[in-house]
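To start, the structure itself, in structure tokens.
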Amino acid sequence: MSDSLITSWTQFEVPPTSEDSIQSSLFEPLLPFKADFHDTFYGRIAENGAFHGELATNLAKQSSSDLAATTKIIDFGKVAYWWRLGVNTEFRTVYFPVATSSQTRDAVTSLKGLVLTMGMGIDGSKAHMSPYSGFPTCGWIEGTQTWGNQDVSACTWCHVWKHKVSEETFKTTERRVPQDGESYRPLSLEVFEQGLKALGAVGWEDVHVDFERVQM
């Protein structure tokens with residue numbers, strides 16, 4: 001870990017009675033410590049929706065004190081990425097062998113991620129046409145993680161899309177300039193994933209969260 005800013009990501013299960021929205025009052029215990037951090041955001045993981053019925057049934061059998069929660073510490077370096085967290089924020093957690101070197105870690109964070117090939121103009125004049133709110137950010141998760149039944153190292157890529165349509169359009173249409181005279185123009189998503197695999201990635205998983213800022 002570096003001496004720069006870090007992010008803590010806590011994932012927890014919500015009781016079936018919380019159908020409407022998560023109440024920000026849940027985070028009131030953080031108030032005495034608000035001078036120690038910049039911002040706090042919360043939101044539901046969209047991918048859990050398909051399993052809500054089964055999850056609700058399981059949770060109904062437990063008391064709230066039995067609900068599981070896991071916290072991960074992520075080093076995003078000096079990038080203050082959190083100010084743009086909002087609706088349809090995508091987190092891609094990428095898994096690598098435990099013995100991944102620092103050189104490989106640096107190479108992973110140096111990948112472009114999912115960005116426009118032509119950029120947004122020298123002066124940013126085309127920013128309004130961008131499918132995302134700021135460039136993607138990559139940070140490494142502290143400690144050993146688990147992927148399937150194996151111990152791994154992991155990093156998280158944060159992409160903040162303006163909305164679901166812009167994300168889907170980018171991933172299915174945005175292409176890179178062909179290399180070495182080739183005629184095929186690969187999708188940016190293909191290039192990104194090929195880059196991850198070339199650096200040793202053994203797998204990844206994506207989640208989307210509609211973040212809200214906790215008012216303190």
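Under the 4.5 Å side-chain criterion, counting only non-hydrogen atoms from C-beta, His163 is not in contact with Asn88. No side-chain heavy atom of Arg105 sits under 4.5 Å from any side-chain heavy atom of Asp75. Annotation: side chain of Tyr132 is not in contact with side chain of Leu114 (no heavy-atom distance under 4.5 Å).
Atoms CG and CD, on Leu189 and Glu174 in that order, are 11.0 Å from each other to the nearest 0.5 Å. The structure places CD of Gln150 at 12.0 Å from OG1 of Thr144, a figure rounded to the nearest 0.5 Å. Here the straight-line distance linking atom CH2 of Trp204 with atom NZ of Lys197 works out to 4.5 Å at 0.5 Å rounding. Taking CZ of Phe192 as the reference point, atom NE2 of His159 lies at 5.0 Å (rounded to 0.5 Å). Taking OG1 of Thr169 as the start and NZ of Lys162 as the end, the distance is 12.5 Å to the nearest 0.5 Å. To the nearest 0.5 Å, atoms CG (Leu85) and CD (Glu212) are separated by 12.5 Å.
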Exercise. Between Thr93 and Ile141, is a side-chain contact (heavy atoms from CB on, under 4.5 Å) present by the stated rule, with each step listed?
Worked result: CA-CA 9 Å; Thr93 302; Ile141 302 174; 4.1 Å; yes

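When every heavy atom of Thr117 is checked against every heavy atom of Ser188, the shortest pair comes out as OG1-OG, 4.2 Å. What you find for Phe76 and Cys138 is that their closest heavy atoms are CD2-C, 3.6 Å. The nearest pair of heavy atoms linking Ser166 to Pro131 is OG-O, 3.1 Å. Of all heavy-atom pairs between Phe135 and Val115, the closest is CD2-CG1, 3.7 Å. Closest of all the heavy-atom pairs between Trp157 and Gly113 is CZ3-CA, 3.7 Å. In plain terms, the two heavy atoms of Trp140 and Ser153 that are nearest each other are CZ3-CB, 4.3 Å.
A salt bridge is defined here as a Lys NZ or Arg NE, NH1 or NH2 lying under 4.0 Å from an Asp or Glu carboxylate O, and Glu167 with Lys171 meets this definition.
Residue Ile74 is grouped with residue Val209 when hydrophobic side chains (ILVMFWY) are merged at heavy-atom distances under 4.5 angstrom, including chains of intermediate members. Cluster membership for Val207 and Phe211, using ILVMFWY side-chain heavy atoms within less than 4.5 angstrom, is shared.
In terms of modelled atom types and a separation under 3.5 Å, the side chain of Gln145 and the main chain of Glu142 share a donor-acceptor contact. Without hydrogens or angle criteria, Asp151 side chain to Thr146 main chain gives no donor-acceptor distance under 3.5 Å.
Ring-plane geometry between Trp161 and Phe170 is classed as tilted, the angle between the planes lying from 30 to 60 degrees on a 0 to 90 degree scale.
Checking each of Val94, Leu199, Val191 against Leu111 for a side-chain contact (heavy atoms from CB on, under 4.5 Å) leaves exactly one that passes, namely Leu199.
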